[in-house]
Number of protein chains: 2
Amino acid sequence: MREILDIQKQLMPDLMDIMKKRYSILQHILVSGVVGRRTLASSLDMTERVLRGEVDFLKELGLLESDASGMKISESGRQLLEDMQPIIKMAFGLTDLEDSIAKAFHLTNVIIVPGDSDTSIFTKKELGRAGAAALRKYVSKDDIIAVTGGSTMAQIANNLAISSSMKGSWFVPARGGLGESVDMQANTIASIMAKKTGGKYRLLHVPDHLGEEAYQSLIQDPQIQEVVNAVRSCRIVVHGIGDAMVMARRRKVDSETTSSLRGDGALAEALGYYFDRQGNVVHKMPTVGLRLEDLQRVEVVIGVAGGKSKGEAIASVLRHGQEDVLVTDEAAALEIMKHV
Amino acid sequence: MREILDIQKQLMPDLMDIMKKRYSILQHILVSGVVGRRTLASSLDMTERVLRGEVDFLKELGLLESDASGMKISESGRQLLEDMQPIIKMAFGLTDLEDSIAKAFHLTNVIIVPGDSDTSIFTKKELGRAGAAALRKYVSKDDIIAVTGGSTMAQIANNLAISSSMKGSWFVPARGGLGESVDMQANTIASIMAKKTGGKYRLLHVPDHLGEEAYQSLIQDPQIQEVVNAVRSCRIVVHGIGDAMVMARRRKVDSETTSSLRGDGALAEALGYYFDRQGNVVHKMPTVGLRLEDLQRVEVVIGVAGGKSKGEAIASVLRHGQEDVLVTDEAAALEIMKHV
DNA sequence: ATACCCGGGACATAAAACGTCCTACAATGG
DNA sequence: CCATTGTAGGACGTTTTATGTCCCGGGTAT
């Protein structure tokens with residue numbers, strides 16, 4: 001049932017907008033009884049002429065009638081409106097959630113896919129598709145795009161396709177080695193994305209668990225420096241968000257640091273930084289690349305994460321306030337709303 | 001499930017066309033493997049430029065990829081196409097039926113609503129809605145519209161609404177008294193339609209079972225003559241189609257005529273004429289108004305009838321070859337196709 | 001009677017769609 | 001190896017559509 005709308009959305013992204021527009025016109029006319037064009041236009045926040053176009057169309061379809069005293073809904077229009085109620089609720093329930101989250105955390109765009117990535121592999125794939133679509137929407141020619149690792153990011157990479165708008169783009173890992181397994185590393189993701197889209201890539205080969213001395217000499221290396229500079233001048237960042245403890249375990253962080261994290265109330269992880277409930281940074285991984293302060297200069301920061309278990313973590317990162325776009329799933333979104 | 005598509009068809013018929021267009025483009029690309037714009041355009045019967053617009057759009061959406069050697073479908077495009085299969089079939093299965101019937105009987109337009117009017121009152125209402133929509137589509141200012149009686153026609157009248165394009169129209173009964181009950185009479189239907197649309201009407205008051213002498217003097221009456229002339233100069237005819245025997249019974253035709261009808265193989269009735277399987281007229285009701293030969297001059301003849309039981313009758317009338325537009329239901333349409 | 005709001009006509013303008021042609025490039029077949 | 005064919009994509013003038021902005025005659029309520 002909902003599936004059918006999701007499929008149609010893929011083929012005609014503006015379908016929902018048109019549907020909602022026409023529905024709300026009819027809805028307003030229904031509740032108003034008889035109403036005039038100008039009155040209706042201002043109450044719907046449309047220009048008169050645009051409304052007129054729609055109204056003429058709806059009249060063609062026999063969904064509303066008009067005479068010199070104004071417009072009113074026809075019988076078939078009323079019936080249609082009634083039949084549409086459940087569809088509208090289904091279709092725009094998530095839209096309302098998106099708007100709420102966007103407003104609560106001052107984001108420019110929120111995309112929610114139905115389901116729960118924790119329990120459904122399909123939802124996870126869908127999250128990847130939506131993430132890829134979001135990236136495609138914001139990218140422009142010759143952009144530098146910094147990406148992180150993780151299974152969600154891997155899904156996004158999976159769903160990217162060759163595209164002329166990304167042909168000149170550079171994909172780079174946002175940060176160096178973070179101790180992830182190879183196929184989930186930022187380096188891997190960046191190269192896959194580049195291959196899929198026809199773009200180019202540069203990698204940051206920074207071994208994990210480097211001593212301080214070796215680390216210092218490494219970051220002096222001109223090659224490394226060049227990539228790091230590219231990363232810090234990126235226009236777009238796409239990153240995953242994780243639960244702090246889960247990430248610490250996955251990255252085999254030593255027990256001392258782990259207990260320190262726990263003590264500081266670390267909840268979330270993103271871009272190698274650990275955040276507490278209030279969105280404060282309580283720890284950062286020792287590696288090179290994009291620093292949190294660089295984000296202010298980055299034009300588009302896209303966070304992608306889903307699953308009920310990650311809801312609280314996502315809320316923490318959002319509270320830190322550097323995100324522009326969030327791509328998540330329904331289950332996580334509902335959790336996020338509990339923490340506003 | 002199908003409901004949602006029907007609703008969308010009502011609210012955004014234009015989007016459904018777009019959906020079909022984009023689907024068939026993807027479909028063609030899928031089966032062609034790699035194909036070029038010009039080749040595809042001719043095989044889809046589109047101009048190159050229009051196809052190009054769509055293709056650019058689909059590329060934006062990541063549903064297809066293109067390089068110098070041609071276009072091919074992307075993985076998400078292939079997946080989408082698969083997911084859409086049932087939706088397209090549900091949404092446009094009837095469209096294919098419509099085309100087949102239109103072609104078989106040389107009609108300019110066929111409209112099929114889902115369901116079976118025999119068993120579902122909802123389908124019957126839907127048939128009325130579709131009939132009203134068809135009439136609205138063909139009517140222009142100050143037309144004379146001749147209508148017949150019957151329950152289906154009554155449903156059409158029900159679904160008409162006030163409309164500026166019909167304000168100057170005249171509604172007239174196609175033929176005089178045919179022995180139907182009052183609320184299903186052509187006279188009644190014509191007056192209801194006029195009231196609903198804001199149009200005007202003239203009636204033909206011809207009592208049933210009139211003697212030959214009285215009949216002759218009646219049709220000499222100037223008032224009657226005037227209406228009859230109006231009827232015969234109508235631009236649009238909307239009529240029902242019935243099963244011959246059912247109609248004979250309903251009109252209380254005497255037993256002699258009934259058995260003669262049976263002997264002649266009368267199958268269908270329309271406009272007071274009885275037709276056999278081949279579409280030949282085998283009997284006509286003795287009354288005034290539109291004659292079958294007048295139909296040739298009528299610009300738009302719209303036949304409206306549904307229900308599995310009427311399928312064969314509809315096919316008979318269609319075979320007579322005077323129809324331009326047919327509005328029917330799925331069950332009848334399937335029966336009709338058995339008689340091509 | 002009057003003041004107001006109505007739908008709908010009109011028109012200039014901005015924007016989108018479209019038809020048409022061209023160019024550089026890849027593949028294919030001799 | 002080259003000619004031929006088919007490809008995407010750029011360019012540009014034209015047509016169609018969408019939109020903003022008025023205005024007018026006609027109902028309606030006060």
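Model, not experiment: these values are computed from the prediction. Every chain is numbered from 1 and lettered A, B, ... according to where its sequence line falls, protein lines coming before strand lines. Keep in mind that the numbers below use all heavy atoms, side chains included, and drop hydrogens, waters and symmetry copies.
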### Task
Do nucleotides 24-30 of chain C as a string where each nucleotide becomes B, S or -: B if the base has a protein heavy atom under 4.0 Å, S if just the sugar-phosphate does, - if no protein is that close.
--S----
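The number of heavy atoms from other shown groups lying within 6.0 Å of NZ (B:Lys20) is above 12. Summarising the local packing, CG of B:Asp45 is surrounded by 12 or fewer heavy atoms from other residues, nucleotides or ligands at distances under 6.0 Å. No more than 12 heavy atoms of other residues, nucleotides or ligands shown are found within 6.0 angstrom of CD on A:Glu3. Within a 6.0 Å radius of CG in B:Asn229, other residues, nucleotides and ligands contribute more than 12 heavy atoms. Residue B:Lys9 places its NZ atom among more than 12 non-hydrogen atoms of other residues, nucleotides or ligands, all under 6.0 Å distant.
Here the P atom of nucleotide C:dC5 and the CG atom of A:Asp67 are 18 Å apart, to the nearest Å. Whole-Å rounding puts the A:Leu64 CG to C:dC6 P distance at 15 Å. Remark: C1' of D:dA18 and CZ of A:Arg49 are 8 Å apart, rounded to the nearest angstrom. As a whole-Å value, the separation of B:Met71 CE from D:dG9 P is 9 Å. The distance from atom CD1 of B:Ile29 to atom P of D:dA8 is 9 Å, rounded to the nearest whole Å. Residue A:Lys72 contributes atom NZ, which lies 12 Å from atom P of C:dG7 at whole-angstrom precision. As rounded to whole Å, 18 Å separates atom P of C:dC6 from atom CD of A:Glu65. Counting to the nearest Å, the C1' atom of D:dT7 and the CG atom of B:Asp56 are 14 Å from each other.
B:Gly53 comes within 4.0 angstrom of no nucleic acid atom, judged by non-hydrogen atoms across all strands. B:Val35 comes within 4.0 angstrom of the backbone, heavy atoms only, and of no base.
A heavy atom closer than 4.0 Å to some atom of DNA chain C occurs in A:Arg38, A:Thr39, these being the qualifying members of residues 38-47 of chain A. Applying a 4.0 Å cut-off to non-hydrogen atoms, none of the residues of residues 8-17 of chain B approaches DNA chain D.
Put simply, the side chain of A:Ser74 gets close to the backbone of A:Gly62: a donor and an acceptor are under 3.5 Å apart. At least one donor-acceptor pair closer than 3.5 Å links the side chain of A:Thr108 to the backbone N or O of A:Asp324.
On a pure distance criterion of 3.5 Å, a polar donor-acceptor pair joins the side chain of B:Arg52 and the base of D:dG10.
Phosphate proximity of D:dA8 to B:Lys59: absent, as no side-chain N or O sits under 4.0 Å from OP1 or OP2.
Under a 4.0 Å N-O distance rule, the pair B:Glu48/B:Arg52 does not qualify as a salt bridge. Classification of A:Glu65 and A:Lys59 as a salt-bridged pair fails, no side-chain N sitting under 4.0 Å from a carboxylate O.
Looking at B:Arg136 and B:Thr197, their side chains never bring a donor and an acceptor atom within 3.5 Å of each other.
Figure legend: cation-pi geometry between B:Lys200 and B:Phe171 absent, as NZ or CZ is not positioned both under 6.0 Å from the six-membered ring centre and within 45° of its axis.
With rounding to the nearest 0.5 angstrom, the CD1 atom of A:Ile111 is 8.0 Å from the CD1 atom of A:Ile302.
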